[in-house]
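Down below is the structure, laid out as structure tokens.
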Protein chains: 2
Amino acid sequence: MHIEMICTGEEVLSGQIVDTNAAWVAQRLLEHGVEIHSRVTVGDRMDDLTAAFAAAAGRADVVLVNGGLGPTEDDLSGAAIAAAMGIELELHQGWLTTMTAFFERRGRPMANVNRKQAMLPAGAVMIDNPVGTACGFRVRWQGTWFVFTPGVPSELKKMLLDEILPWLVRDYGIAAAMPLHRLLTIGQGESQLAHLLQSIALPEYVDLGYRASLPYIELKLMRRGPVQADAWQALLARIRGEIGDALVGENVVSVAEAVHQQLSERLLTLVTAESCTGGMVASQLVDFPGSSAYLHGGWITYSNVAKQRELNVSERTLVCHGAVSLETAAEMARGARERAGTDLAISVSGIAGPEGGTEDKPVGTVAFALAHQGGVEVQLLRLGARERNQIRVLAATVALDMVRRYLLGLPVMADYGYLKRVAQGQY
Amino acid sequence: MHIEMICTGEEVLSGQIVDTNAAWVAQRLLEHGVEIHSRVTVGDRMDDLTAAFAAAAGRADVVLVNGGLGPTEDDLSGAAIAAAMGIELELHQGWLTTMTAFFERRGRPMANVNRKQAMLPAGAVMIDNPVGTACGFRVRWQGTWFVFTPGVPSELKKMLLDEILPWLVRDYGIAAAMPLHRLLTIGQGESQLAHLLQSIALPEYVDLGYRASLPYIELKLMRRGPVQADAWQALLARIRGEIGDALVGENVVSVAEAVHQQLSERLLTLVTAESCTGGMVASQLVDFPGSSAYLHGGWITYSNVAKQRELNVSERTLVCHGAVSLETAAEMARGARERAGTDLAISVSGIAGPEGGTEDKPVGTVAFALAHQGGVEVQLLRLGARERNQIRVLAATVALDMVRRYLLGLPVMADYGYLKRVAQGQY
């Protein structure tokens, strides 16, 4: 099928917003074996919108239009398609009722301007939006279905997954989403991963894609056709073997999700002791409902005083070895575990930069320790001379991966490619 | 001037890469008062490329084309514009020499495929690329200049800033970069903000834009021309007056940045005590280099046991009032401040959902307390029945805004529109 996309909005055109919606939609369609033919981005000008609609009408089977369904004057998508087609906007009573109820549930009156969001082109098929006030809709013009979706990413996503993709499967016979296997990696660049995997001949019905999303590179294996279970497992095993320790999760969005799953199942408790990550490790776990079952809490011991007072790190250790050292990380983790009475404690202390690096411990040097019933395992990694936020995100990820590996019975220390381990120890 | 953009590449069209180049280019142009008229994204197919070029020829003054200048077979931009115009590609001897030297400096021979990168449409003006092997070029067709730039972001950026913008300033008389004033708000929707500001007549040389980026809506005031300082300040004052407490920062990217600036200047120290935000408040501050000057650290007291043991919250308070209450938040903040010996302590305890809500305290109910030398100020807000992560982000933002308001001498409690305060107190 011939499918095009029209992205609207001054803020998308002008670059105030990077258009992640366009990429997200294209990826979801690709999982159904459908490639978008082209994409046009226009601002909130009536003439440009009608011209873009007219150009696509009769050419495409389906045009996905994103944005311009809001209540304000510069939201013109509905008015523009009606103008282009020479039809009127009509009040959609059903959506007006839904919207009124939406505001009532939130305990505030519906503003008058929102009424506009229930004005749809005559004959349009309304598409439900259970999470916002902008309903979607579709209208047919010159044989082309124009499908209108809201610009708010969470609303677009729900609508595409729940309504639009099922409609395309039903009415256009596009494939169901191809089974997708995601391999989450850290510490290897895309070209390094490609190099590692070059000796593996992929069956022709399997596509391999890469997606970079700090701090991960995700490998996506898409199965375009039926695959024998044995052959598939053998392929996965070979890939896992080549990637090695850089593989930090499968079919999860983050290492935190893998840790959350494991800790929830195993009924082990955890506490965190964070310096340079400043709460990022704990926060990633708290983001999952139910994390209170295993997460006792944590300390953010950003200052040396806090490390000493809260976690019993000795002054001697701080003076002799510094805040970023195997010794300090070990005492942080041990102190946190003893104090909280948890099964596990993870600690992080590092130099996130841009200042504070030395020749011996350059920016990006981070110490990690995991305290468990068998002792304390510590390592010092060089994460590289990156931006502060990148170093912090990488450090939080490595810390969580140490917990993940422990829970899976793997060695806690791993080789993450360009994240070099420069020291390690056990106490 | 009428300027359009054509973005090329399968990986951009298919969403494997989010197109940050397009946003970056548009923003740089906007700072010069130039709005991109439209943007087309096409894959690496010859027919689609020539069609996109033909559509823009004669319509636009300038078309910026991004991508497709690499050495491989799927890089077709040069061949496509030559085909569309019916002209030949010619070897550009100057660029071949530059490229050969480029490889020599890196101590490796130039591959044969790279020769393709010196083949430019006959009569094209070469544009230098000091950081890569893909030179840019521009050709004129039907009065339209087609300007070709490399897809590698660092190469594109250098070429646009060093060559293309100066050319547009010189040959098209576009302005030097414009001043921008940003107002950060929370607790008001875009339509509410538009409603609040509708009585203010903006001078015609001032543009107002909105940008939603959880948890903020940012108002951007762009000055297209010279503005009298008095009139500008009067305008800002009126806008501030209408927005009220929802205004949480000016010319900053986040409330955390405003707090960071204030705390860095004032030499006051802070400690955090977080439950549902799980470290997010502290982490946002740690993200700024130099935060160690004022941030002692923090507690993530996710469990009741941790609240009691680390922050001296009394069992009686937890039993009688619950973990999400004015009383518990107050004891958390007081306990943290006493324990850390800081000037300020901020605490957050809330129900982030999706479980755990009651009729009395539904999901989205969050208690906040700020302990300072004058006592402890507490409030209980209903942030609404949102997604867990949204509630947590909003809660962290309100907590930081209480610190910001205190540091500015404003009342700590504020009215954030749809973030309803249901109780408050002072201890």
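Bear in mind the structure is a predicted one, so any value in this text is a computation, not a measurement. A note on names: the letters A, B, ... follow the listed sequences, proteins ahead of strands, and every chain is numbered from 1.
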| Value rounded to 0.5 Å, distance of OG in S283(A) from CD1 in I300(B) | 7.5 Å
| D48(A) portion near chain B, given a 4.5 angstrom heavy-atom threshold | side chain
| said: At a 4.5 Å cut-off on heavy atoms, which part of V113(A) comes close to chain B: side chain, backbone, both, or neither? | reply: side chain
| Where L13(B) and R39(A) come nearest, the two heavy atoms and their spacing | O-NH1, 3.3 Å
| query | W299(B) versus E310(A): any side-chain heavy-atom pair under 4.5 Å? | reply | yes
| Region of E274(B) in contact with chain A, defined by heavy-atom distances below 4.5 Å | side chain
| At a heavy-atom separation under 4.5 Å, does V152(A) approach chain B through its side chain, its backbone, both, or neither? | neither
| Within a strict 4.5 Å, meaning less than it, do heavy atoms of the V42(B) and S38(A) side chains meet? | yes
| field | Portion of H37(B) that has a non-hydrogen atom of chain A nearer than 4.5 angstrom | value | both
| task | Under 4.5 Å heavy-atom distance to chain A, tell me which part of E10(B) shows up: side chain, backbone, both or neither. | result | side chain
| remark: From the list M5(B), E218(B), R309(B), the residue making the most non-hydrogen contacts under 4.5 Å with chain A is R309(B)
| query | Side chain, backbone, both or neither: which part of L30(B) has an atom under 4.5 Å from a heavy atom of chain A? | reply | side chain
| query | Which heavy atom of V286(B) sits nearest a heavy atom of C276(A), and at what distance? | reply | CG1-O, 3.2 Å
| note | Here the pair of heavy atoms bringing R106(A) nearest to A385(B) is NH2-O, 4.4 Å
| Short N-O contact, R392(A) and D287(B), less than 4.0 angstrom | yes
| query | If every non-hydrogen atom of S14(B) is compared with every non-hydrogen atom of Q27(A), which pair is closest and at what distance? | reply | O-NE2, 2.9 Å
| Counting heavy-atom pairs under 4.5 Å to chain A, which of A52(B), A396(B), S291(B) comes out on top? | S291(B)
| query | Hey, is CZ on R108(A) packed in by over 12 heavy atoms from elsewhere, all under 6.0 Å? | reply | yes
| task | Using a strict cut-off of less than 4.0 Å between a Lys/Arg side-chain nitrogen and an Asp/Glu carboxylate oxygen, indicate whether K220(B) and E11(A) qualify as a salt bridge. | result | no
| field | Atom group of T272(A) that falls short of 4.5 Å from chain B, counting heavy atoms | value | side chain
| query | chain A heavy atoms under 4.5 Å from V12(B): which part of the residue, side chain, backbone, both or neither? | reply | both
| task | Among the options T277(B), N389(B), T301(B), pick out the one with the most heavy-atom pairs lying under 4.5 Å from chain A. | result | N389(B)
| field | Where Y302(B) and L295(A) come nearest, the two heavy atoms and their spacing | value | CD2-O, 3.6 Å
| query | Roughly how far, to the nearest 0.5 Å, is the CG atom of D19(A) from the OG1 atom of T20(B)? | reply | 11.5 Å
| request: Find the one option among A340(A), A22(A), A111(A), A352(A) whose heavy-atom pairs under 4.5 Å with chain B are most numerous. | output: A340(A)
| message | Quick check on the interface: out of R45(B), Q192(B), R339(B), who has the most heavy-atom pairs with chain A under 4.5 Å? | response | R339(B)
| Under 3.5 Å: donor-acceptor pair, side chain of E355(A), backbone of P289(B) | no
| remark: Interatomic distance, OG1@T72(A) vs NE2@H195(B), rounded to 0.5 Å, equals 14.0 Å
| task | Of all the heavy-atom pairs spanning H296(B) and A306(A), show the shortest one and how long it is. | result | NE2-CB, 3.4 Å
| field | For chain B, the option from A55(A), P354(A), G298(A) that forms the most heavy-atom pairs under 4.5 Å | value | G298(A)
